[in-house]
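Quick notes on the structure that follows.
Values below: every heavy atom of this structure, side chains too, minus hydrogens, waters and symmetry copies.
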Amino acid sequence: MGHKKKKAKRVRTQKIAYRLAVAFMIPVLLMIVLGIVSYEVSAKFIVGQYENLLSEELHAVNSYMGLLCNNVEDKATEIIGNEDVGAYYSKYAGEKTTEARDCATAVSTFLNKIRSTCDYVEGYHILSENSGNLSSASSKIDNSVYLDFSKSEEGSTITKGKGIWAGRHSILDDAAGISTDDYALSYIRKLDKGNGYLFIDVDMDMVLEQIQNTKDQGCESMLITRDGRVLTDSEDLTDDAEALSYLEENTNETSGKSTIRHKGKESLLFYSEIGDTGLILCTIVSKDLVLASANSIKILTLVMVILAGGLATAVGWLLSKGIGHEMNSFSKSMERVAGGDFTTEVRSKHKDEFMLLANSIRQMIDGISEILKKIYGFSNRVNESSRYVAETIDDMAGSMEGINTAVEDIAKGAANQVGNAEDCLQEMSHFSKQLNHTYESAISIDDDSKHMIEAVHYGRAEIKSLNEKADRATEKTKQLVQDITAVADATKDIGGIIETIQAIAAQTNLLSLNASIEAARAGTAGRGFSVVADEIRKLAEESTSAVEQIKLIIHKIQMTTEQTVEGVHDTEQHLVEQSAAMNETVSAFANISSYMEKMTVSLNGMTSNVAGMIESKELVMESIKKIVNLSESAAAATEEVTATINCQLSNVRGLLDDANHLSGEARGLDRSLQKYTF
């Protein structure tokens with residue numbers, strides 16, 4: 001019992017609310033994991049999409065700048081291939097003739113026309129070895145500029161038929177007073193006819209306009225020339241050295257991307273070379289900017305996870321409170337029933353499986369209550385029957401003791417008679433002298449014989465009464481056997497009720513299994529209901545265990561009933577044997593009565609014939625011998641009756657002990673049932 005209480009206490013400490021809370025937290029944790037994974041996936045996707053977008057934007061700018069460079073190169077080819085340009089720098093450069101002036105005017109007109117018709121051309125410059133320098137700048141260019149430029153690194157790398165792109169022409173700028181802010185790029189190419197260089201400057205605004213196309217994506221773009229000039233409108237990238245260091249440290253191919261640290265933040269660097277011009281188009285974007293939309297997803301996911309967790313916790317708490325309240329109510333009701341109060345009402349506020357469970361428990365309590373009522377009534381009947389049997393057997397024992405005392409008195413009288421007859425035989429030699437005394441003794445013997453006959457008749461009457469009581473005891477015993485048999489049948493009916501309870505427990509267990517299957521089918525949303533199904537299954541198992549305990553109790557009752565039936569059958573057998581012994585005792589008393597009547601007749605004859613006895617001494621001796629023989633037979637018969645009565649008395653005392661034991665067990669069963677309330 002103490003172990004059960006300890007177990008019950010441990011079950012109460014493991015509240016279902018905590019287990020449901022844990023069960024509801026599992027999907028919340030899965031949602032958190034889902035949010036993290038979603039953020040990572042979306043971040044990678046957004047970064048990939050942004051990279052693709054920037055790559056496409058960079059490719060578009062690259063294509064436009066490539067087209068622009070091709071147009072400039074085509075214009076340079078057109079200029080170099082012009083007849084006037086070729087004629088002037090091959091024949092007339094440096095001369096002061098009319099033809100030379102006309103040709104120079106034609107070349108200037110042609111160059112100005114190209115400049116005016118092409119928006120991307122900021123200016124043009126031609127340096128000639130023969131002092132035929134032409135420029136769109138207002139300042140005149142000294143002839144030494146050609147020599148200086150031809151000796152420079154750019155001039156020495158230019159070959160005929162192929163030009164280069166430069167970000168600056170410092171020698172020309174210094175000589176002509178040209179500002180680097182006026183142009184962005186310059187295409188430099190050697191003249192095919194004559195020694196000279198053609199410079200075509202590209203408009204700064206047009207180049208910056210194309211670079212600014214990537215600003216809509218929050219990027220910082222720049223164009224880096226072969227000679228290290230950086231073209232950008234970003235204030236953070238005004239330092240050419242910084243831009244070149246980015247490019248040198250993070251680029252290995254003509255185009256690609258890499259990760260760099262820019263302004264203390266992790267950033268992406270995209271770069272692409274414009275054709276074979278040596279011009280590098282670069283774009284820098286912060287990862288924070290790229291992941292701004294992903295961060296909004298992260299915040300939204302975090303908020304949704306917090307709301308879902310709070311909602312799941314609240315729902316789990318409410319469900320656990322309701323289930324816990326019902327389970328505590330059932331537990332308290334079952335504790336009162338276990339304490340013996342079968343008037344306890346088991347109710348459920350929920351119209352679901354709890355209501356079915358409450359109905360099943362009420363039916364089980366009602367069935368057990370009816371069983372205990374029947375056992376209680378049977379206990380009372382057994383107690384009354386055993387008390388009556390004990391009283392009857394007690395009376396019978398008293399009667400048997402009285403009969404035994406009377407028979408012992410008869411035995412003593414017979415023994416005394418034998419002694420007197422023997423003394424008479426021994427004193428026969430003095431028979432003559434003692435004849436009168438013998439006559440008086442014969443009269444006394446006649447009186448004793450009459451008293452003995454009366455005692456025998458009394459004993460026969462007592463034995464007859466005892467026999468009738470034994471018959472009544474036999475009838476009571478048969479009635480007791482019938483009652484015990486009825487109890488055995490009732491215990492069999494209890495077995496049927498127990499089978500019904502087992503069926504209810506099996507149905508409850510099947511219900512729990514179905515609930516578990518439905519909970520598993522529902523997925524994570526049904527995990528809490530799965531816990532409820534487990535609790536129902538445990539309750540069904542406890543009901544099955546209680547049924548097994550009831551079976552054990554009923555088995556003990558059946559064993560006790562069988563033992564009682566066997567004891568009663570033994571008692572009935574003892575009563576039958578006692579009745580037979582009583583009949584034998586009646587027969588013995590009949591024989592004693594016959595012998596006493598014969599002895600009386602003999603004594604009367606002896607009294608009437610005393611005179612003849614005096615004359616016939618031998619006849620008297622023979623008569624005395626007959627008297628001795630008759631007395632010995634009476635003593636022997638009396639001893640047999642005494643032995644039979646003693647045996648019957650022992651059997652009656654054993655029956656009395658059995659009846660008292662049965663009465664004690666009935667009272668113990670009664671005390672055990674008194675603690676229950678129906």
Side-chain angles (χ1 to χ4, degrees), residues 63-94 99-141 145-146 149 154-155 158-169 171-173 175-210 223 225 231 274-279:
S63 299
Y64 182 84
M65 291 299 298
L67 180 61
L68 177 64
C69 292
N70 289 333
N71 290 335
V72 172
E73 292 176 358
D74 291 341
K75 290 298 179 183
T77 302
E78 181 182 354
I79 292 172
I80 292 174
N82 184 265
E83 294 180 357
D84 293 334
V85 173
Y88 180 75
Y89 287 102
S90 62
K91 294 181 181 180
Y92 302 113
E99 292 83 357
R101 285 195 296 272
D102 292 338
C103 188
T105 302
V107 169
S108 297
T109 302
F110 174 69
L111 293 176
N112 289 327
K113 182 179 179 181
I114 290 177
R115 179 185 179 189
S116 61
T117 56
C118 297
D119 295 337
Y120 49 83
V121 176
E122 170 64 24
Y124 61 86
H125 313 282
I126 298 178
L127 299 180
S128 174
E129 183 181 11
N130 298 322
S131 301
N133 299 328
L134 295 174
S135 175
S136 59
S138 57
S139 301
K140 289 188 67 173
I141 302 174
V145 176
Y146 170 81
F149 182 77
E154 291 86 352
I158 298 174
T159 60
K160 284 189 177 182
K162 188 175 182 180
I164 64 170
W165 285 89
R168 299 182 182 88
H169 33 66
I171 297 175
L172 179 60
D173 292 341
I178 302 172
S179 173
T180 56
D181 296 335
D182 295 337
Y183 65 95
L185 303 172
S186 181
Y187 180 69
I188 307 173
R189 182 176 174 180
K190 271 193 174 184
L191 300 177
D192 291 339
K193 296 178 180 180
N195 294 326
Y197 297 95
L198 172 63
F199 297 81
I200 299 178
D201 295 336
V202 181
D203 183 62
M204 174 70 78
D205 294 336
M206 182 168 291
V207 172
L208 293 180
E209 180 181 356
Q210 293 303 315
L223 181 65
T225 63
L231 300 174
I274 301 174
D276 57 353
T277 62
L279 302 175

Spacing of Asn82 atom CG and Lys193 atom NZ [to the nearest 0.5 Å]: 9.5 Å
Approximate separation, where rounding is to 0.5 Å, of Ile164 CD1 and Ile188 CD1: 5.0 Å
CG on Leu191 to OH on Tyr88, rounded to 0.5 Å: 11.5 Å
Listed partners of Glu78 passing salt bridge (Lys or Arg N to Asp or Glu O under 4.0 Å), at least two apart: Lys75
Nearest-0.5 Å distance that lies between atom OH in Tyr146 and atom CG in Asn195: 4.0 Å
Check against side chain to side chain contact (heavy atoms under 4.5 Å, CB included), Ile126 and Leu111: CA-CA 10 Å; Ile126 298 178; Leu111 293 176; 3.8 Å; yes
Distance-only donor-acceptor pairs under 3.5 Å for side chains of residues 66-74, two or more places apart:
unit_1 : atom_1 : unit_2 : atom_2 : d
Asn70  : ND2    : Gly66  : O      : 3.1
Asn71  : ND2    : Leu67  : O      : 3.3
Glu73  : OE2    : Trp165 : NE1    : 2.9

Closest non-hydrogen atom pair between Leu208 and Leu231, with its separation: CD2-C, 4.5 Å
side-chain hydrogen bond (donor to acceptor under 3.5 Å, both in side chains) partners for Glu154, two or more places apart: none
Heavy-atom closest contact (Ser136 atom, Gly123 atom, distance): OG-CA, 3.2 Å
Any Tyr187 side-chain heavy atom under 4.5 Å of Thr277 side chain: no
Ile114 CD1 to Ile79 CD1 distance, which is reported to the nearest 0.5 Å: 4.0 Å
Pair listing, side chain to side chain donor-acceptor pair (under 3.5 Å) test, anchored in residues 117-128, at least two apart: Asn112-Tyr124, His125-Ser135, His125-Asp201
With sequence neighbours excluded, residues passing side-chain hydrogen bond (donor to acceptor under 3.5 Å, both in side chains) with Thr77: Arg189
For Tyr89, ring-ring contact (aromatic ring centres under 6.0 Å, His included) partners two or more places apart: none
Any side-chain heavy-atom pair of Leu223 and Leu185 under 4.5 Å: yes
side-chain contact (heavy atoms from CB on, under 4.5 Å) involving Asp276 - partner list, sequence neighbours excluded: none
Shortest non-hydrogen separation from Tyr197 to Gly155 and the atoms involved: OH-O, 3.6 Å
Student check: side-chain heavy atoms of Phe110 and Asp84 closer than 4.5 Å: no
Partners meeting side-chain hydrogen bond (donor to acceptor under 3.5 Å, both in side chains) with Asp173 (sequence neighbours left out): His169, Tyr183
Atom pair CE (Met204) and OG1 (Thr180), whose distance is rounded to the nearest 0.5 Å: 6.5 Å
Set of residues satisfying side-chain hydrogen bond (donor to acceptor under 3.5 Å, both in side chains) with respect to Ser108, sequence neighbours excluded: none
Shortest non-hydrogen contact between Asn133 and Leu127, atoms and distance: OD1-CA, 3.2 Å
